[in-house]
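Notes follow the structure.
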Amino acid sequence: VGIVVLAGIVYGLVSLVRGPAEPTAEETTAAPTPCATATVAVSEVLPAASKVTVNVYNATDTSGLASKTATALEKRDFTVGKVGNDPVGKPITGVAQIRFGPKAALQAQVLLLQVPGAEMVELQRGGKKVDVAMGDTFNGLAPQEDVDAQLAAPTPVASGPGCPSS
């Protein structure tokens, strides 16, 4: 009996020193690829205003609002397309509507910085043009310094092959 106990102890010590003969399931499973979070400025993610074409529409009774807003957007480097009364023809009781297709989501975000409080309306249409239709509570574009501060604000962004896709 003493020899069996001694043999068991020797076997246990050898196993501890050598490790198991066969790798375990945990050892054969590849380590997950890391997902890193970097901090970037919003301006690094969104296109520049000069790359955004916007149609400017007036959905209010205020004469000249679309033209005045189009001029202000041009001064901020936006490319202005059509300017006039809102072709949808329905009143907007809020600040504004920003209308865009799936390929223009980032362009719409750039415009939203200029028109805070606007309702984002995704439409099934192609292209990267966006529309802004000013509503009853529109009081002008956001102050440029507020827009600049938001563009410079650091934002965490997950990157790397191990990150979940959204």
Side-chain angles (χ1 to χ4, degrees), residues 26 28-166:
E26 290 176 0
T28 59
T29 304
T33 306
C35 176
T37 301
T39 303
V40 298
V42 174
S43 62
E44 294 178 48
V45 178
L46 295 177
S50 62
K51 303 284 185 189
V52 179
T53 298
V54 58
N55 297 319
V56 184
Y57 298 124
N58 185 357
T60 73
D61 294 330
T62 305
S63 180
L65 184 59
S67 179
K68 179 180 174 185
T69 304
T71 299
L73 287 168
E74 285 176 329
K75 287 180 181 176
R76 295 185 182 193
D77 284 338
F78 285 85
T79 301
V80 173
K82 298 176 184 174
V83 178
N85 290 327
D86 187 12
V88 173
K90 294 181 181 177
I92 297 173
T93 56
V95 173
Q97 284 186 347
I98 296 176
R99 303 175 190 138
F100 60 98
K103 292 183 179 181
L106 292 177
Q107 287 79 359
Q109 289 294 325
V110 172
L111 190 56
L112 183 61
L113 294 173
Q114 305 289 332
V115 190
E119 175 188 6
M120 299 287 276
V121 180
E122 185 170 347
L123 306 172
Q124 293 306 312
R125 68 178 186 191
K128 292 189 176 184
K129 287 185 181 178
V130 294
D131 300 343
V132 61
M134 281 76 64
D136 292 334
T137 62
F138 179 79
N139 289 321
L141 300 178
Q144 186 62 51
E145 56 271 8
D146 292 355
V147 174
D148 292 342
Q150 288 184 42
L151 286 170
T155 302
V157 175
S159 63
C163 295
S165 58
S166 49

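This chain uses plain numbering: 1 for the first residue, then up along the sequence.
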- Note on the structure: When rounded to the nearest 0.5 Å, the distance separating OG of Ser67 from CG of Asn58 is 10.0 Å
- Indicate the atoms forming the closest heavy-atom contact of Val132 with Ala96, along with that distance. CG2-CB, 4.1 Å
- Query: Does the side chain of Phe138 reach to within under 4.5 Å of the side chain of Leu65, using non-hydrogen atoms?
  - Reply: yes
- If you measure from CG on Asp146 to CG on Leu151, what distance do you get to the nearest 0.5 Å? 11.0 Å
- Message: Between Thr60 (side chain only) and Asp136 (backbone N and O only), is there a donor and an acceptor less than 3.5 Å apart?
- Response: no
- Message: side chain to side chain contact (heavy atoms under 4.5 Å, CB included), that's the test. Do Val121 and Leu123 meet it? Break it down for me.
- Response: CA-CA 6 Å; Val121 180; Leu123 306 172; 3.8 Å; yes
- For Lys82 against Asn55, the heavy-atom pair lying closest together: N-OD1, 2.8 Å
- Which atoms form the tightest heavy-atom contact between Ala70 and Val83, and what is the distance? CB-CG2, 3.7 Å
- Item | Asp148: side chain to side chain donor-acceptor pair (under 3.5 Å) partners, not counting sequence neighbours | Gln144
Anything under 3.5 Å between a donor and an acceptor, one on a side chain of residues 104-120, the other on a protein residue two or more places apart or in another chain? List them.
| unit_1 | atom_1 | unit_2 | atom_2 | d |
| --- | --- | --- | --- | --- |
| Gln114 | OE1 | Arg76 | NH1 | 2.5 |
| Glu119 | OE1 | Gln97 | NE2 | 3.3 |

- Message: Are Met134 and Tyr57 packed together at the side-chain level, in the sense that at least one heavy-atom pair is separated by less than 4.5 angstrom?
- Response: no
- Item | Side chain to side chain, Asp86 and Ile92, heavy atoms closer than 4.5 Å | yes
- Task: State which residues pass salt bridge (charged side-chain N to carboxylate O under 4.0 Å, His left out) with Arg125; sequence neighbours excluded, sorted by chain then number.
- Result: Asp131
- CG (Leu46) and CD (Gln150) are apart, to the nearest 0.5 Å, by 10.5 Å
